[in-house]
Amino acid sequence: MITREEIANVLDQPVYDGDGNKIGDAKHVFFDDMTGRPEWVSVKTGMFGGAESFVPIRDAAMVQDHLEVPYGKDQVKGAPSVDVDAGGHLSETEEHRLYDYYGINWDSVLSEAERTDDGRSAAGTGTAGTAGAAGAAGAAGAAGAAGLAGTTGAAGTAGGRTGREDAMRREGMRGDEAMTRSEEQMRIGVERHESGRARLRKYVVTEEVQQTVPITHEEVRVVREPITDANRDEALAGPEISEAEHEVTLHAERAVVETETVPVERVRMTTEELTENETVRGQVRKERIEAETESFTEGETKHPRDDKRRGGK
């Protein structure tokens, strides 16, 4: 039989049948509200652990590094699917289905629970207090239970009720009763990507240029000189009466356009980095943990077997 102190060694460990076949991995352990002892273990089965089957843990045993149950692999995988309520409890109907499937007599289970309750009530102050402390503290409560052995009967009864209420909660007990609260944090970085391109392109355009330049030309002007003693000899050198012709070449300037390519400037491109602030928004998830308290009257219990024991339907 698996004890509360062994629960931490059971969870997430392989589960094998009596023939050495692996069935799956143990995920949750369910406790009896009245006895405070482990009653069921849920086993993740299937190739990817997609299914979960319930197996009685009363006749199971820890063998080295795995849990061994006296049921075949096919029988466990074929167990009926059951629903667990929000408080982590199996209903009376669901428990009936499981007990019937595994061939466990329901009346014997009730008788065992009644014997356990009767023994706990008759034990007096010390035993009741110890059982209550162990029920509330789980696998790690053995040391605390010993310290509470001397408490009064009333305190032990209250502790026992609290232990039974907490025993069936699916918290995956591992030796402590603390929850880990996690939250997402947003990490913001920057990445460099191509935002555009710039290029220099050289092309040729034709412009009209106008400039004024001075130009000269020659014109004929007739100069008449009177005969004087100074030019008389030249004037009488030719025949007295004759025909003659004298030609003068005229010159003129015109504008001549020539082009010459000369460098005027060099053009190049550079880049510079500018820094600006950008607001980034995102969503992160956070876990919140709240405590819920549920009160019960004296002698009230949450286990469906109470109705059977008290003559209910």
Report the distance from atom OG1 of Thr216 to atom CZ of Arg254, rounding to the nearest 0.5 Å. 12.5 Å
Pair listing, side-chain hydrogen bond (donor to acceptor under 3.5 Å, both in side chains) test, anchored in residues 274-286, at least two apart: Glu184-Arg285
What distance do Tyr16 atom OH and Asp65 atom CG have between them, rounded to the nearest 0.5 Å? 7.5 Å
State yes or no: do Val41 and Met62 share one hydrophobic cluster built from I, L, V, M, F, W and Y residues joined by side-chain heavy-atom distances below 4.5 Å, directly or via other members? yes
On a heavy-atom basis, the closest approach of Ile104 and Tyr71 is CD1-OH, 3.8 Å
Atom pair CD (Gln75) and NZ (Lys73), whose distance is rounded to the nearest 0.5 Å: 14.0 Å
Backbone of Gly20 reached by a side-chain donor or acceptor of Asp17 within 3.5 Å: yes
Do the side chain of Asp19 and the main chain of Asn21 share a donor and acceptor less than 3.5 angstrom apart? no
Side chains of His66 and Gln13: donor-acceptor distance under 3.5 Å anywhere? no
State, yes or no, whether a side-chain contact exists between Tyr99 and Pro56 at a heavy-atom distance under 4.5 Å. no
Between the side chain of Asp100 and the main-chain N/O of Glu95, is any donor-acceptor distance below 3.5 Å? no
Measuring from Asp25:CG to Leu67:CG, what's the distance to the nearest 0.5 Å? 11.0 Å
Taking His28's backbone N and O only, do any of them form a donor-acceptor pair with Ser42's side chain (distance below 3.5 Å, no angle check)? yes
Taking all heavy atoms of Ala255 and all of Ile215, pick out the closest pair and write down the distance. N-CG2, 4.2 Å
Would you say Val69 ends up clustered with Tyr101 if hydrophobic residues are merged whenever their side chains have heavy atoms under 4.5 Å apart, either directly or through other cluster members? yes
Within this structure, what is the CG-CD1 distance for the pair Leu236 and Ile227, rounded to the nearest 0.5 Å? 7.0 Å
Taking every heavy atom of Ser81 against every heavy atom of Arg97, the minimum-distance pair comes out as O-NH1, 3.2 Å
Distance col, row Glu218:CD vs Glu253:CD, nearest 0.5 angstrom, shows 9.5 Å
Decide whether Met186 and Val190 are clustered together by the hydrophobic rule: side chain heavy atoms of Ile, Leu, Val, Met, Phe, Trp, Tyr closer than 4.5 Å, transitively. no
Taking only Lys NZ, Arg NE, NH1 and NH2, and the carboxylate oxygens of Asp or Glu, determine whether Glu225 and Arg232 approach each other closer than 4.0 Å. no
Relative to the ring of Trp40, is the ring of Phe54 parallel (under 30°), tilted (30 to 60°) or perpendicular (over 60°)? perpendicular
Looking at Lys44 and Lys27, what are the two nearest heavy atoms and their distance? CG-CG, 3.0 Å
Glu287 side chain to Glu183 backbone, donor-acceptor under 3.5 Å: no
Arg58 and Glu39: CA distance, side-chain angles, deciding distance, side-chain contact (heavy atoms from CB on, under 4.5 Å) verdict: CA-CA 6 Å; Arg58 56 173 53 201; Glu39 189 74 16; 3.2 Å; yes
Is it true that a side-chain atom of Ser53 and a backbone atom of Val76 form a donor plus acceptor pair closer than 3.5 Å? yes
Under a single-linkage definition using a 4.5 Å side-chain heavy-atom cutoff for Ile, Leu, Val, Met, Phe, Trp and Tyr, are Tyr102 and Ile57 assigned to the same hydrophobic cluster? yes
Looking only at heavy atoms, what is the nearest atom pair of Leu200 and Met269, with distance? CG-CG, 3.5 Å
Between Val10 and Ala26 the two heavy atoms that sit nearest each other are O-CB, 3.4 Å
Would you mind reporting whether Leu250 and Val220 have side-chain heavy atoms less than 4.5 Å apart? yes
Steps toward salt bridge (charged side-chain N to carboxylate O under 4.0 Å, His left out) verdict (Glu68, Lys22): CA-CA 9 Å; Glu68 187 172 298; Lys22 182 179 179 180; over 6 Å; no
Do Val55 and Leu11 sit in one hydrophobic cluster, given that two such residues count as connected whenever their side-chain heavy atoms are within less than 4.5 Å of each other, even indirectly? yes
